2 protein chains.
Amino acid sequence: MQDITPDDLTTRAGLARAITWVESKRADHQDKAQHLLAQCMPKTGHARRIGITGVPGVGKSTFIDNFGSMLLEQGFKVAVLAVDPTSKRSGGSILGDKTRMEHLSMNPNAFIRPSPAGETLGGVAKKTRETLLLCEAAGYDVILVETVGVGQSETVVADMVDLFLVLMLPNAGDELQGIKKGVLEVADMIAVNKSDLDEKAAKNAARHYRNALHILTPVDPSWDPTVSTISAGKNRGLLELWSVMEAHKKATIESGSHSKRRSEQQLRWMESLIGESLMQAFQQHPNVQTALPPLRNDVASGDIAASLAAKKLLSLFMAHPTH
Amino acid sequence: MQDITPDDLTTRAGLARAITWVESKRADHQDKAQHLLAQCMPKTGHARRIGITGVPGVGKSTFIDNFGSMLLEQGFKVAVLAVDPTSKRSGGSILGDKTRMEHLSMNPNAFIRPSPAGETLGGVAKKTRETLLLCEAAGYDVILVETVGVGQSETVVADMVDLFLVLMLPNAGDELQGIKKGVLEVADMIAVNKSDLDEKAAKNAARHYRNALHILTPVDPSWDPTVSTISAGKNRGLLELWSVMEAHKKATIESGSHSKRRSEQQLRWMESLIGESLMQAFQQHPNVQTALPPLRNDVASGDIAASLAAKKLLSLFMAHPTH
């Protein structure tokens, strides 16, 4: 496979090829990906990074298709990435994404990439973060990172974007929507979608979320999370939603929290990569692999203190760490 | 300092001495503490582990004093531990705690231990977890772990107890109470304290919290978090609160979530200890110490990808890990 330069990313084919390196498990591909990323870094950072979540049935695909199309009409280039740790896709098929976002997928200024497959959430997050940087270097102005909200994926996506949007249903009771632990905590904006189905219910739901958000201390002191009602399928409220996003950008840039958030995200990412790699080296150590399962059982049953088990395992590792 | 056996823990003086080993930074004390803990493990696990948080002014001390005294009257032995990462106490003075919990501190069946000082939250948590085990081995039936709710301390305390109680004020607006990100997420019970000051406001506040809890998916499927109104200073509602705790114990033991929660807590604790120790070895490595500060700056400013920086640092460490 021949080398890719940052200039090659301007074509969708070139960008797609670069992402396959990022997603590959092969060491030579990983080296090429890191080399390319290093070259790309000066061209990154200018895009709007927007995270989107919502339960199945809330209309995420239609929202992204119509919202993204609106942005394309305004002259923006739009990339859509997905973080789905349950994705089983083994090849490069994006038929599913092409079908569910038919307008976007037809437009040459849009780029849609499904979730990397066969990875833990941490693995998916790493590859998506790197893909996001490649998309920025490729000249995309708005990057929508979609997640299905499995496990801790909202938190992970919220930690790689400038703004996190949560889509909600108007007519299901809150208890039925199964709003996950933590999702309200990371929302910068909430949009009650499909509000045309039952306007009164949508307004009630919006009021409900406003109250709930009111109780929580906002993550960013320069931004109080907002709640809107929209109908993505009918293209209602999307322009207004974008205005709120513009206001969010303005407020967070002026307060300095935009760049602070990004710096902190990058540093947390570096730290978590280091932590993961250290833990991996530890877990793959043959002595640890032998001793861990029985010690885990003893800790779980309360037979030995976690601190003592940790100490025993660490001494096995540190004696010959690079076994 | 002579050795301490598990039998010595039955006196408050013996227990206090053992805890000084747990809290000490000296390697020989740490070894003695681990040795003692290992001997104690068969005697641990029988106590009710209850976490308590609330903003300053909510009446935590009075609550613990009167609630604890009620438990003493019922024949229980009660230990009170604190998790306060801001604590600056350098010696062993517990005058503050003796003053603020005057009934409890007078009773021979109660044991009060302030927060270990001069530690990070992780350090405080580690020592408090070990102290909790020593208190169990010493025969305490109920262990109240109090936290002031600084940083992530509620989450940390919630992860070492069977039940997490959040005390709230009735008359301050929610926004004024500064309820922290995540505290509702980890609450098994909420009690609106000082409800005698304004019964109507207390009822309103209780309704408010019930609605908010309603939106969140309960952490434990066998327990819907409850909201009570109490007046700890007037000894009102404390017996009822204990009944709810009894119901919580019964429900979670029957569903199996009581033992599941404990096992998971112990395993998470072990994993976090391992992670911390690995990170510590990494950060103390001389090559890493030289290379880290400039790389951190480059990552924070977006000049180099976090993944590349992590890789560079890890290769420095793994080349000679036990430098």
Side-chain angles (χ1 to χ4, degrees), chain A residues 34 37-38 40-42 44-45 126 129-130 133 174-175 178-182 184-185 208-209 211-212 214-217 219 262-264 266-275 277-279 281-282 295-296 299-311 313-314 317-319 321-322, chain B residues 34 37-38 40-42 44-45 126 129-130 133 174-175 178-182 184-185 208-209 211-212 214-217 219 262-264 266-275 277-279 281-282 295-296 299-311 313-314 317-319 321-322:
Chain A
Q34 288 302 328
L37 263 176
C40 286
M41 288 310 286
T44 64
K126 176 178 186 296
R129 283 193 176 97
E130 294 179 348
L133 293 174
D174 301 305
E175 58 276 39
I179 298 171
K180 275 207 18 236
K181 192 170 173 301
L184 287 182
E185 309 278 350
H208 210 88
Y209 296 126
N211 286 340
H214 201 53
I215 293 178
L216 304 164
T217 308
V219 184
R262 284 194 173 182
S263 293
E264 287 171 353
Q266 295 305 307
L267 289 173
R268 272 197 296 273
W269 178 21
M270 180 179 79
E271 273 157 33
S272 86
L273 286 171
I274 290 170
S277 299
L278 288 172
M279 193 55 102
F282 173 81
L295 276 173
R296 273 183 66 93
V299 167
S301 61
D303 288 333
I304 107 163
S307 49
L308 185 60
K311 209 180 161 191
L313 290 166
L314 281 160
F317 175 71
M318 293 306 281
T322 47
Chain B
Q34 288 302 328
L37 264 175
C40 286
M41 286 311 286
T44 63
K126 176 179 186 296
R129 283 193 176 96
E130 294 179 349
L133 294 173
D174 301 305
E175 58 275 41
I179 298 170
K180 274 205 23 232
K181 192 169 172 305
L184 287 182
E185 310 277 350
H208 210 88
Y209 296 127
N211 286 339
H214 201 53
I215 293 180
L216 304 165
T217 308
V219 184
R262 284 195 174 182
S263 294
E264 287 172 352
Q266 295 305 308
L267 289 173
R268 270 197 296 273
W269 179 22
M270 181 180 78
E271 273 158 32
S272 85
L273 287 171
I274 291 170
S277 300
L278 289 172
M279 194 53 103
F282 172 82
L295 276 173
R296 273 184 65 93
V299 167
S301 60
D303 289 334
I304 107 163
S307 49
L308 184 61
K311 209 180 160 188
L313 290 165
L314 282 160
F317 175 70
M318 293 306 281
T322 49

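If you're wondering where the values come from, they're calculated on a predicted model, not measured in any experiment. Only heavy atoms go into these numbers, but all of them, side chains included; no hydrogens, no water, no symmetry mates. Residue numbering restarts at 1 for every chain, and letters A, B, ... go by the order of the sequence lines.
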Residue selection (most heavy-atom pairs with chain B, distance under 4.5 Å) from A:Glu264, A:Gln34, A:Arg262, A:Lys126
A:Gln34
Rounded to the nearest 0.5 Å, the OG atom of B:Ser277 sits from the CZ atom of A:Phe282 at a distance of 9.0 Å
Contact origin within A:Leu314 toward chain B - heavy atom pairs under 4.5 Å
side chain
Counting only heavy atoms closer than 4.5 Å, note whether A:Glu271 contacts chain B via side chain, backbone, both or neither.
both
Can you tell if the side chain of A:Trp269 reaches within under 4.5 Å of the side chain of B:Val299, non-hydrogen atoms only?
no
So which residue, A:Arg296, A:Arg129, A:Lys311, ends up with the most heavy-atom pairs under 4.5 Å with chain B?
A:Arg296
If you tally heavy-atom pairs under 4.5 Å against chain B, which of A:Asn211, A:Leu308, A:Thr44 wins?
A:Leu308
Under 4.5 Å heavy-atom distance to chain A, tell me which part of B:Leu313 shows up: side chain, backbone, both or neither.
side chain
Under 4.5 Å heavy-atom distance to chain A, tell me which part of B:Ile274 shows up: side chain, backbone, both or neither.
both
If I compare all heavy atoms of B:Ala300 with all of A:Ser263, which pair ends up nearest, and what's the gap?
O-OG, 2.8 Å
For chain A, the option from B:Gly275, B:Ser301, B:Ser307, B:Ala310 that forms the most heavy-atom pairs under 4.5 Å:
B:Ser307
Residue part contacting chain B, namely of A:Leu267, when any heavy atom lies under 4.5 Å
both
Provide the closest heavy-atom pair for A:Leu133 versus B:Ala305 in the form atom of the first, atom of the second, distance.
CD1-CB, 4.4 Å
Closest contact, heavy atoms only, A:Met270 versus B:Ala309:
SD-CB, 3.7 Å
